[in-house]
Structure formats: C-alpha cells, structure tokens
Amino acid sequence: MSSGAFGGRFDPASPNAPQGFAPGEIPLGIDVPADAGFSADGDSAADAASPADTVLAAGARIRRDRIALGGGEADCGGISGLVVHPAHRGDGLFGQLLRGVLARCAEEGMALSMLYPSNPEIYRGHGYQVVARVESLLVPLLDLQRLQPVPGRRTLAVTEATMPRVRALYEELTAGDNGMLRRIGPFFPPGLPGQGWCAVLLVDEAGRDRGYVSWTRRVGQEEPGLDVHELLGRDREDRLALLRVLGSWSTVTEQIRLRVRSEDPVLDVLPSGRTRPAPGPVPLVMTRVVDTAALLAARPAPAGLDGAFRLVVDDDTASAGTCPAAGTFDVAISDGTVSTTPSAAAPSALPIVRLDAHAAALLLTGGRSLADARRLGLRAEADPAAGALLDALAAGPRPSVLDAF
Ligand SMILES: CC(C)(COP(=O)(O)OP(=O)(O)OC[C@H]1O[C@@H](n2cnc3c(N)ncnc32)[C@H](O)[C@@H]1OP(=O)(O)O)[C@@H](O)C(=O)NCCC(=O)NCCS
C-alpha cells in the first residue's frame, strides 16, 4: 500500500522483498470488511465481519527514535508511510489512524512525535506544528579550492575501523541541538552506510578527532556532482579544513550540494557570497507533543536558571485526549533539572504560561520563543516571569533534522 502511494515497486514474490517490518518500527493498521457493504438499516457492516473477511484499509509505521533536546534526549515516534487505501479515502480513516498512532506513541512512553508531511495542513489539525525545514545549498567549488591548508590538521579515510569515531563525533557535536536524531538503534546499524556513502575524518596533531565530512558522489543523473550529507567540526578551523577537502573536487564538478542544519556553523565559514539555495522542494519537519511532562523533563535546564511556573496546555485539535499533552503542569527548574508535576488546576501563586497544542509543539521542541509563537499566530500567553523562564529553558539552536524517513 505504501509503495502504491509513494512510488516504487513492491513484489512480494521477489526474494529481495522486505519480509516484514524493520526492527524498531511499530506497524499500525485499520482493517475493514473485504466487501464493505451496508446493512438494511444503513450501518456499516464492519462490526459483523470476522477477521478473515477483512482487508487493510489504512496503515502507518511508528519509528522508535530518540532525538537531541538541548543536551538532553527524548523518545520520539517518527511517523512514516501513512497511507489510506484509495478505495477508502474520504471516509475519515486518516483521523482514526492518526489518533491511534498518537495513543500508541503515548503507550510506548514517547514524549513527542515527528514526521515529514507531504501535506502539513492535514497533520496540523491533529496538533502537529512545523518546527524545521531541511535545507541544502549549492556551493561553488572554485571558492573552496582557494582555501588555505589548516596547520595541525590531517584527514583519514573513513573505513569500517574508523566509522565508530564518526558516529561518536556526530553524537557529541549534535548533542546540544534540538531535533537531531540520535543515530543509535536498529535504524543506524554499525558499519559503513554503503550505497556510495564516503567520508573523511579530521584529526589534530594530538590524534584527537576534530570532525568529519560525509558525501555521496552523484553519477548518471542530469546534474552530476557531490551530495554532502553533513560537515561537522569542533571549531571554525576544523570546518575550513573540511571545506578545503571538498574543494579538491573542483576538477570534476563545479559545485556541491551541501545539506545544512538550521543555523549551521558551516554557514559562518563558507568563503563566498555565491552560495545559493538548492532547487527543489524544501522538506518540512513537524512535531507534536505526546507527553508534556516527559518532554519538559527530558531537557536539562541551563546552569543558573532557577524558578517555577505553571504551564497550561490547551489541546482542542482532532487528536485531543489521545495522549497526555494537555493539562496543567507545575514546572520547577533548579540545579540543571526540570521537574514537572501534573496539577489539578487548583489556584496557584505561580506565574502562568498558557499554550495551545501548536505553540506547545513549537516551544517544547526547543530553539524558539514565545514571541516566535505569537508571530506565527499561535496561542502563547504568559505572565512575564513565567514567559522569561520558559524562553530561557527552551533556548538553543532552532530545530534541525538531517535524517529523512
Ligand atoms: C492523505 C490521505 C492519508 C488522507 O486520507 P483520508 O482517509 O482520505 O482522509 P480523510 O477523509 O480522513 O480526510 C482527512 C483530512 O485531510 C483532508 N484531505 C484528504 N485528502 C486530501 C488531499 N489530497 N489534499 C488536501 N487535503 C486532503 C480532508 O479534507 C480532511 O480535512 P479535515 O480534517 O479538515 O476535514 C490519503 O489520501 C492518502 O493515503 N494519500 C496518499 C498517501 C499520503 O499522501 N499520505 C500522507 C503522507 S504525509
């Protein structure tokens, strides 16, 4: 059903056909009667059908992901492959399925859910909010070719043996970000990714790993070139050294396509103003709060931030009530941790922040402020003291996600 909706060929008889769902994926579906007629009184025959007489009418997969949250981590349900069979579209199954998905995310202890929408509006009605976009830039290689060597740095080819060092650098250098997937677990098996993926590792004179750049050489397409997946370094010098490595392709291609995070530090070292956005659609990333208390507790508080406020989350979306996102929470911040107590909404002397489900998704994913939420027209009201605390807690880079699913 998924390949029918999103493209590709799925031949169950082929020896290469997937034999089931990937480990780490939770499949969910809705069955309907194979011959979905109507009884004389006009009711659907679904209730009367035995399981043998049913067919799959809608399905989705939840990935068990973990994401970075400003130095902390949270369990996240990554939703993919959501599809309603063409025979059953327009019957309201989408909403039924998504409510089931969110209820299952809550059962699994996930703090939030994330997806790449092909139609953001239909997810918005269920409390998802756009928090990030995946951006790629076209960088002319002539500019990179002129970069000077960086003293005290050398590069190593990434092999099976050095791949764990690349993984460790990714985890370390993106730990303070918001939204970046932790590349652990079944979706990120150890070893080289294959399919043309290459990388070099940057080390200093003391043998310390400083960063890496990874890419795939595009061949046989209209516009051959280099797709750079990510360039991560500890400091500016590291990033310059890695950009210089990319400049060495200038003899065979004119530009690279460089995938960047929001506010990527590599933007600060690109040597010319001739970089431009890559053509094509810009994938959006949406999140939805599943468990407000768990999401707040997952984020460490900045050192020196102390205080308490009451957070009220109003969820009036089509998925309200499927997960513990809405409610009144008393939030205490001290010694670098956040503790959250669901409250019975009894009167309190605490200053209050009141958010709708969309503002909650925007702010609790991190890197955005109450003022940003208001600029987007989301409901975000706050007593000044409470608003200042929440903004300080959620401060950090705007969310980014580099792994597509
Ligand atoms: C998109 C899809 C899942 C909708 O399923 P459905 O059961 O037909 O949807 P519903 O009838 O429950 O409608 C849900 C909402 O989506 C809207 N919608 C449905 N299809 C739409 C379309 N093609 N374009 C815009 N809006 C659409 C409906 O108007 C409705 O909005 P409302 O809640 O404001 O009333 C289904 O058409 C499908 O499987 N499409 C192909 C795969 C796909 O696009 N999956 C989503 C990937 S992100």
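We count ligands from 1, going down the list as the structure has it; atoms in each ligand are counted the same way.
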Face-on cation placement of Arg63 at Phe187 ring, 6.0 Å and 45° thresholds: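 Relative to the ring axis of Phe187, which defines the angle, Arg63 lies inside both limits.
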
Are there protein heavy-atom neighbours of [atom] below 4.0 Å?
atom                    : result
atom 29 (O) of ligand 1 : no
atom 16 (O) of ligand 1 : yes
atom 23 (N) of ligand 1 : no
atom 46 (C) of ligand 1 : yes
atom 2 (C) of ligand 1  : no
atom 6 (P) of ligand 1  : yes

Students should be able to answer this: which protein heavy-atom is nearest to [atom], and at what distance?
atom                    : result
atom 27 (C) of ligand 1 : Ile122 CG2, 4.0 Å
atom 9 (O) of ligand 1  : Phe94 CB, 3.4 Å
atom 40 (N) of ligand 1 : Arg89 CZ, 3.6 Å
atom 11 (O) of ligand 1 : Gly90 CA, 3.1 Å

Applying ring pair (Phe, Tyr, Trp, His ring centres under 6.0 Å) to Tyr123 and Phe94, what does each step give before you reach the verdict? CA-CA 10 Å; Tyr123 293 101; Phe94 170 76; 5.4 Å; yes

Classify the contact between Leu115 and ligand 1 as side chain, backbone, both or neither, using a heavy-atom distance cut-off of under 4.0 Å.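 Answer for Leu115: neither.
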
Side chain, backbone, both or neither: the part of Ser118 lying under 4.0 Å from ligand 1 by heavy atom: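 Both backbone and side chain of Ser118 come within 4.0 Å of ligand 1.
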
For the 3.5 Å polar cut-off, considering only N or O atoms, please tell me whether Pro117 and ligand 1 meet it.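 Between Pro117 and ligand 1, no N or O pair is found under 3.5 Å apart.
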
For ligand 1, which is the ligand I care about here, please tell me if Val83 has any N or O atom under 3.5 Å from one of the ligand's N or O atoms.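 N/O-N/O distance under 3.5 Å: no.
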
For atom 43 (C) of ligand 1, which of the options Leu97, Asn119, Leu82 provides the nearest non-hydrogen atom?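 Shortest heavy-atom distance from atom 43 (C) of ligand 1: Leu82.
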
Nearest heavy atom to atom 39 (O) of ligand 1 wins, so pick from Val84, Leu93, Ile79.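 Heavy atom nearest to atom 39 (O) of ligand 1 belongs to Val84.
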
Should Met114 and Val285 be marked as a side chain to side chain contact (heavy atoms under 4.5 Å, CB included) after you check the CA-CA gap, both sets of side-chain angles, and the distance that decides it? CA-CA 7 Å; Met114 177 185 282; Val285 180; 3.8 Å; yes

Tell me if the CZ atom of Arg133 is crowded by more than 12 foreign heavy atoms within 6.0 Å.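 Result for CZ/Arg133: open.
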
Is the side chain of Arg99 donor-acceptor paired with the backbone N or O of Thr322 at a distance under 3.5 Å, no angle test?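 Absent.
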
Could you check whether any side-chain N or O of Arg244 sits under 3.5 Å from a backbone N or O of Leu147, counting only pairs where one atom can act as donor and the other as acceptor?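 Between the backbone of Leu147 and the side chain of Arg244 there is a qualifying donor-acceptor contact (under 3.5 Å).
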
Cut-off 3.5 Å, side chains only: do [X] and [Y] have a donor facing an acceptor?
X      : Y      : result
Tyr128 : Thr317 : no
Thr328 : Ser343 : no
Asn178 : Arg368 : no

Quick check on Gly92 - does any of its heavy atoms sit under 4.0 Å from an atom of ligand 1?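 Heavy atoms of Gly92 do come under 4.0 Å of ligand 1.
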
Let me confirm one number: the CZ-OG1 distance from Arg183 to Thr174, rounded to the nearest 0.5 Å.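 Nearest 0.5 Å value for the CZ-OG1 distance: 7.5 Å.
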
